[in-house]
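Reviewing the structure listed below.
When reading the values below, keep in mind they use all heavy atoms of this one structure, side chains included, and skip hydrogens, waters and symmetry mates.
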Amino acid sequence: MKKVILILSLCLAVSISGYSQETASADVKSQIEKNSKQMQKHMEAGNLAEFGSYFAEDAMLKLSGFAPMSGREAITAAHKPMTEQGMKLVINTEEVMDFGDYAYEIGNYEMHNKEGMKVDHGHYSTLWKKADGEWKIYRDMVSSSAGMK
């Protein structure tokens with residue numbers, strides 16, 4: 001009888017924690033999507049410091065065909081040519097999974113030149129971490145689907 005009660009208690013606990021996780025993920029997904037929209041606006045406006053503020057100080061970015069970049073400063077600097085050329089980034093979040101102070105996001109993106117022509121597209125996988133109450137990009141891997149040139 002004690003085993004049955006213990007098993008039922010565990011099932012209830014797993015069920016409740018699963019519900020909480022799902023609810024929290026919707027809130028986290030909303031915040032991450034909001035951050036992405038703000039990043040897009042800052043890139044278009046050429047506000048590199050604001051754009052870079054969404055990356056953790058110890059962030060890492062891996063782009064197709066390039067060595068990994070480490071740190072907010074290096075990642076922000078790598079985006080400078082895109083802002084100077086008037087590039088527009090369009091981010092589409094497909095899924096977010098919340099793990100407390102970390103969240104995992106997958107999605108796709110498009111990059112358009114200042115004339116509006118799509119010049120790149122692909123997929124990304126991002127690990128966010130909560131720092132001082134704000135979600136920051138901690139690890140970001142971007143894979144272009146445009147093919148090698």
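Using modelled atom types and a 3.5 Å distance limit, the side chains of Glu105 and Tyr124 yield a donor-acceptor pair. Judged by distance alone, the side chains of Asn108 and Glu94 do bring a donor and an acceptor atom under 3.5 Å apart. Looking at Ser36 and Tyr54, their side chains never bring a donor and an acceptor atom within 3.5 Å of each other. At a cut-off of 3.5 Å, with distance as the only test, no side-chain donor of Asp27 or Gln31 sits close to an acceptor on the other residue.
Put simply, the side chain of Tyr102 does not reach to within 4.5 Å of the side chain of Trp128, judged on heavy atoms. In this structure, the side chains of Lys80 and Leu48 come closer than 4.5 Å at one or more pairs of heavy atoms. Taking the side chain as every heavy atom from C-beta outward, Tyr138 and Lys130 never approach each other to under 4.5 Å. With contacts defined as side-chain heavy-atom distances shorter than 4.5 Å, the pair Thr83/Glu44 does not qualify. Taking 4.5 Å as the limit, some side-chain heavy atom of Met69 sits within range of a side-chain heavy atom of Leu63. In this structure the side chain of Lys62 never reaches within 4.5 angstrom of the side chain of Val142, judged on heavy atoms. Side-chain contact check for Gln40 versus Ile91: some heavy-atom pair is nearer than 4.5 Å.
Summarising the local packing, CE of Met141 is surrounded by 12 or fewer heavy atoms from other residues, nucleotides or ligands at distances under 6.0 Å.
Between Asp58 and Lys129 there is a salt bridge, with a side-chain nitrogen of the basic residue lying less than 4.0 Å from a carboxylate oxygen of the acidic one.
Of all heavy-atom pairs between Asn113 and Met87, the closest is CA-SD, 3.6 Å. Shown here for Thr76 and Gly52, the closest heavy-atom pair between the two residues is OG1-CA, 3.3 Å. Taking every heavy atom of both residues into account, Ser144 and Ser64 meet most closely at N-OG, 3.0 Å. Between Gly122 and Ser145, the closest heavy-atom pair is CA-OG, 3.5 Å. Taking both residues in full, the closest heavy atoms of Ser125 and Tyr104 are given as OG-OH, 2.8 Å, listed atom of the first, atom of the second, then distance.
Atoms OG and NE2, from Ser143 and His123 in turn, are 7.5 Å apart once rounded to the nearest 0.5 Å. Residue Ser70 holds its OG atom at 12.5 Å from CD of Glu57, rounded to the nearest 0.5 Å. Considering CG of Asn35 and CH2 of Trp135, their distance stands at 10.0 Å, rounded to 0.5 Å. A distance of 14.5 Å separates OG1 of Thr126 from NZ of Lys136, quoted to the nearest 0.5 Å. The CE atom of Met60 sits 4.5 Å away from the CZ atom of Arg139 when rounded to the nearest 0.5 Å. We find the CD1-CG distance between Ile106 and Leu127 to be 13.0 Å, quoted to the nearest 0.5 Å.
Residues meeting the side chain to side chain contact (heavy atoms under 4.5 Å, CB included) test with Glu50, sequence neighbours left out: His42, Asn47, Ser53.
The distance between the ring centers of His79 and Phe51 falls below 6.0 angstrom.
Linking Ile, Leu, Val, Met, Phe, Trp and Tyr residues whenever their side-chain heavy atoms come within less than 4.5 Å leaves Met82 and Val90 in two separate clusters.
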